[in-house]
Amino acid sequence: MKKLELKFTNQEGKIVTYSLDKPVEPVNVADVHAAMDEILTHNAFSSTGGDLVAKKSARLVERNVEEIDLA
(Lines give C-alpha, C1' and ligand atoms only; values in the text may rest on other atoms or scores of the structure.)
Protein backbone atom coordinates (compact mmCIF):
# COMPACT_ATOMS: atom_id res chain seq x y z
CA MET A 1 0.00 0.00 0.00
CA LYS A 2 1.30 3.44 -0.89
CA LYS A 3 1.13 6.47 1.39
CA LEU A 4 1.81 10.13 0.84
CA GLU A 5 3.91 11.55 3.67
CA LEU A 6 3.81 15.28 4.30
CA LYS A 7 6.66 16.55 6.47
CA PHE A 8 6.56 19.85 8.31
CA THR A 9 8.80 21.68 10.77
CA ASN A 10 7.21 22.72 14.07
CA GLN A 11 8.03 25.63 16.40
CA GLU A 12 10.73 23.58 18.16
CA GLY A 13 12.41 22.85 14.83
CA LYS A 14 11.42 19.17 14.90
CA ILE A 15 10.02 17.28 11.92
CA VAL A 16 6.35 16.27 12.06
CA THR A 17 5.03 13.74 9.54
CA TYR A 18 1.43 13.18 8.46
CA SER A 19 0.61 10.15 6.30
CA LEU A 20 -2.28 9.87 3.87
CA ASP A 21 -3.39 6.44 2.66
CA LYS A 22 -4.13 5.71 -1.00
CA PRO A 23 -2.93 8.96 -2.60
CA VAL A 24 -4.04 9.92 -6.08
CA GLU A 25 -1.40 8.93 -8.60
CA PRO A 26 0.46 10.28 -10.33
CA VAL A 27 1.06 12.77 -7.55
CA ASN A 28 0.59 16.37 -8.66
CA VAL A 29 3.36 18.46 -7.09
CA ALA A 30 1.38 21.71 -7.32
CA ASP A 31 -1.54 20.09 -5.47
CA VAL A 32 0.78 18.84 -2.72
CA HIS A 33 2.26 22.34 -2.31
CA ALA A 34 -1.23 23.85 -2.18
CA ALA A 35 -2.47 21.31 0.39
CA MET A 36 0.56 21.85 2.61
CA ASP A 37 0.14 25.63 2.32
CA GLU A 38 -3.51 25.29 3.39
CA ILE A 39 -2.53 23.18 6.40
CA LEU A 40 -0.06 25.87 7.46
CA THR A 41 -2.36 28.81 6.71
CA HIS A 42 -5.27 27.40 8.70
CA ASN A 43 -3.09 25.94 11.46
CA ALA A 44 -4.97 22.69 10.83
CA PHE A 45 -2.68 20.49 12.91
CA SER A 46 -0.48 20.97 15.91
CA SER A 47 2.19 18.84 17.52
CA THR A 48 3.74 18.38 20.93
CA GLY A 49 6.46 20.76 19.75
CA GLY A 50 4.01 23.53 18.89
CA ASP A 51 2.36 24.70 15.71
CA LEU A 52 3.60 23.70 12.29
CA VAL A 53 5.62 26.56 10.83
CA ALA A 54 7.13 25.37 7.52
CA LYS A 55 7.00 22.73 4.81
CA LYS A 56 9.95 20.33 4.97
CA SER A 57 9.24 17.73 2.27
CA ALA A 58 6.76 15.27 0.82
CA ARG A 59 7.26 11.75 -0.39
CA LEU A 60 5.41 8.75 -1.73
CA VAL A 61 6.16 5.65 0.34
CA GLU A 62 5.38 2.05 -0.51
CA ARG A 63 5.76 -0.73 2.02
CA ASN A 64 6.04 -4.34 0.93
CA VAL A 65 5.62 -7.10 3.48
CA GLU A 66 6.50 -10.70 2.76
CA GLU A 67 5.40 -13.30 5.29
CA ILE A 68 7.91 -16.01 6.20
CA ASP A 69 6.45 -19.47 6.67
CA LEU A 70 7.95 -20.92 9.83
CA ALA A 71 6.12 -24.25 9.58
Colleague: Scan for salt bridge (Lys or Arg N to Asp or Glu O under 4.0 Å) pairs involving residues 37-58, sequence neighbours excluded, and state none if there are none.
Modeller: D37-K55
Colleague: Sorted by first residue and then second, give each side-chain hydrogen bond (donor to acceptor under 3.5 Å, both in side chains) pair with at least one member in residues 57-71; sequence neighbours left out.
Modeller: E5-R59
Colleague: Measure the shortest side-chain to side-chain distance between V32 and M36 over non-hydrogen atoms and say whether it is less than 4.5 angstrom.
Modeller: yes
Colleague: Mind checking whether L4 and I15 sit in one hydrophobic cluster, side chains of I, L, V, M, F, W, Y counted as touching below 4.5 Å?
Modeller: no
Colleague: Below 4.5 Å, heavy atoms only, C-beta onward: do V53 and N10 meet side chain to side chain?
Modeller: no
Colleague: What residues, two or more places apart in sequence or in another chain, satisfy side chain to side chain contact (heavy atoms under 4.5 Å, CB included) together with I39?
Modeller: L6, F8, A44, F45, L52
Colleague: I'd like to know whether NZ of K7 has more than 12 heavy-atom contacts from other residues, nucleotides or ligands below 6.0 angstrom.
Modeller: yes
